[in-house]
Participant: 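My questions all concern the structure below.
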Protein chains: 2
Amino acid sequence: MPDTAGPPPLGAAFLLAQLGAHATARYAEKVASLDLDPAQTGVLHLIGRQPGGSQQALASRLGVAASRVVALVDGLESRGLLERRRSATDRRNYELHLTEQGQRLLGQLRLVAQAHEHDITAALSGEERSRLVDLLRRIADQQGLLPGVHPGYRRLPARNR
Amino acid sequence: MPDTAGPPPLGAAFLLAQLGAHATARYAEKVASLDLDPAQTGVLHLIGRQPGGSQQALASRLGVAASRVVALVDGLESRGLLERRRSATDRRNYELHLTEQGQRLLGQLRLVAQAHEHDITAALSGEERSRLVDLLRRIADQQGLLPGVHPGYRRLPARNR
DNA sequence: TATTGTTATACTCTATAACTATA
DNA sequence: TATAGTTATAGAGTATAACAATA
């Protein structure tokens with residue numbers, strides 16, 4: 001009997017951490033097909049939802065350093081997906097907008113997200129999936145997490161498999 | 001109406017990623033009180049459960065490079081939490097064992113994990129928690145995840161707040 | 001003097017590859 | 001020749017701090 005102690009951890013907290021890392025890695029794989037990484041998709045989603053914001057606003061929303069937003073926006077702008085427009089009222093900052101190409105890509109990104117949702121929840125029936133979402137939302141609320149903002153922009157999953 | 005598109009993503013996959021990152025960050029905070037990081041706790045748990053294994057075995061279990069295990073084991077050994085014993089049958093490899101102090105720390109670690117589980121699922125009743133665990137396990141099974149092994153050892157959460 | 005964006009720098013983490021000692 | 005462990009090196013990713021332009 002080599003086992004000194006019980007079975008491996010199987011609580012909800014561990015499963016959430018395990019599945020969260022898995023879901024993130026799978027998402028990274030999927031968006032790579034659009035030549036994007038998860039952080040870039042977050043930027044596209046945020047600008048698509050609220051155009052005209054500054055880079056500072058983006059940085060605080062994402063919870064990252066402003067210098068990182070520079071690099072992020074640089075990459076997307078050079079690909080013609082978004083554009084910086086100098087604000088007329090305060091010429092220190094930019095207003096960030098998606099280009100038409102960026103909006104088309106965002107549309108494809110939403111399809112990828114749907115496929116991702118489908119794949120991750122493949123084990124569940126529609127009703128079970130709804131119950132899961134309800135439970136998860138309640139945990140997220142109680143834990144003080146903001147809808148649509150996840151704290152994982154600080155790290156990218158390396159190649160896992 | 002600044003919103004070009006609908007609400008923020010609220011599907012199960014996104015919530016899993018968000019909550020997973022959150023649970024991981026909270027866990028890291030908690031084990032820091034024992035002067036450990038999540039990767040080190042994984043090592044302690046694995047050795048505690050299956051003593052005598054080699055560093056290579058540990059590396060493949062954790063899915064990390066062997067060179068990283070060296071540093072990980074170095075740190076824990078220098079604190080007197082585990083020891084390397086040269087194998088009598090094959091003197092190339094070590095057999096890893098927890099010291100008594102390591103076993104005591106592992107006991108405290110299990111208490112921390114319990115508290116963590118309690119905190120993360122504070123929004124749910126006991127029955128709801130059971131249903132959640134059931135749903136999550138079925139997803140983990142279907143996704144091919146191994147019990148007790150999570151792919152998040154590659155990254156540590158930076159200071160989040 | 002404070003703020004937006006930028007650049008330069010340093011730091012952390014990790015894997016890869018070269019090395020040793022055993023087999 | 002192959003394998004366990006170690007060390008050295010290089011790369012990726014990020015934040016911090018210094019800087020320029022504008023307010």
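Here is how names work: the chains are called A, B, and so on, in the same order as the sequence lines, proteins then strands, and each is numbered from 1. Quick caveat, the model's predicted, so the values are computed rather than measured.
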Participant: How many whole angstroms separate atom CG of A:Asn93 from atom P of C:dA2?
Facilitator: 19 Å

Participant: Does the ring of B:Tyr94 carry B:Arg85 above it, NZ/CZ under 6.0 angstrom from centre and within 45° of its axis?
Facilitator: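 No, B:Arg85 does not lie over the aromatic ring of B:Tyr94.
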
Participant: Under 4.0 Å, counting only non-hydrogen atoms across every strand here, what does A:Ser67 touch: a base, just sugar-phosphate, or nothing?
Facilitator: base

Participant: Could you state the CZ-P distance from A:Arg86 to D:dT22, rounded to the nearest angstrom?
Facilitator: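 In whole Å, D:dT22 P and A:Arg86 CZ are 7 Å from each other.
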
Participant: Looking only at the side chain of B:Ala65 (C-beta and beyond, no hydrogens), which of the listed nucleotides C:dT3, C:dA15, D:dT16 gets closest?
Facilitator: C:dA15

Participant: May I have the distance from A:Leu96 (atom CG) to C:dT4 (atom C1'), rounded to whole angstrom?
Facilitator: 12 Å

Participant: Can you check the A:Glu95 CD to C:dT4 P distance for me, whole Å?
Facilitator: 14 Å

Participant: Which residue lies toward the 5' end of DNA chain D, B:Arg92 or B:Val69, if each is placed at its nearest nucleotide?
Facilitator: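 Looking at the nearest nucleotide for each, B:Arg92 comes out on the 5' side.
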
Participant: About how many Å separate CG of A:Leu109 and NE2 of A:His45, when rounded to the nearest 0.5 Å?
Facilitator: 4.5 Å

Participant: Would you mind reporting whether A:Gln50 and A:Arg61 have side-chain heavy atoms less than 4.5 Å apart?
Facilitator: yes

Participant: With side chains defined as the heavy atoms from C-beta onward, is the minimum distance between A:Val133 and B:Leu10 less than 4.5 Å?
Facilitator: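 The answer is no; the side chains never approach within 4.5 Å.
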
Participant: If you look at every strand shown and take non-hydrogen atoms under 4.0 Å, does B:Arg84 touch a base, only sugar-phosphate, or nothing?
Facilitator: sugar-phosphate

Participant: Write down the distance between CG (B:Asp37) and P (C:dC13), rounded to a whole number of angstrom.
Facilitator: 8 Å

Participant: Distance check needed: C:dT3 C1' versus A:Gln55 CD, whole Å only.
Facilitator: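 These atoms are roughly 13 Å apart.
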
Participant: In whole Å, what is the span from the CD atom of A:Gln56 to the C1' atom of C:dA2?
Facilitator: 12 Å

Participant: Could you tell me the separation between the CG atom of A:Leu72 and the P atom of C:dT6, rounded to a whole number of Å?
Facilitator: 12 Å

Participant: Mapping A:Arg91 and A:Ala66 to their closest nucleotides on DNA chain D, which lands nearer the 5' end?
Facilitator: A:Ala66

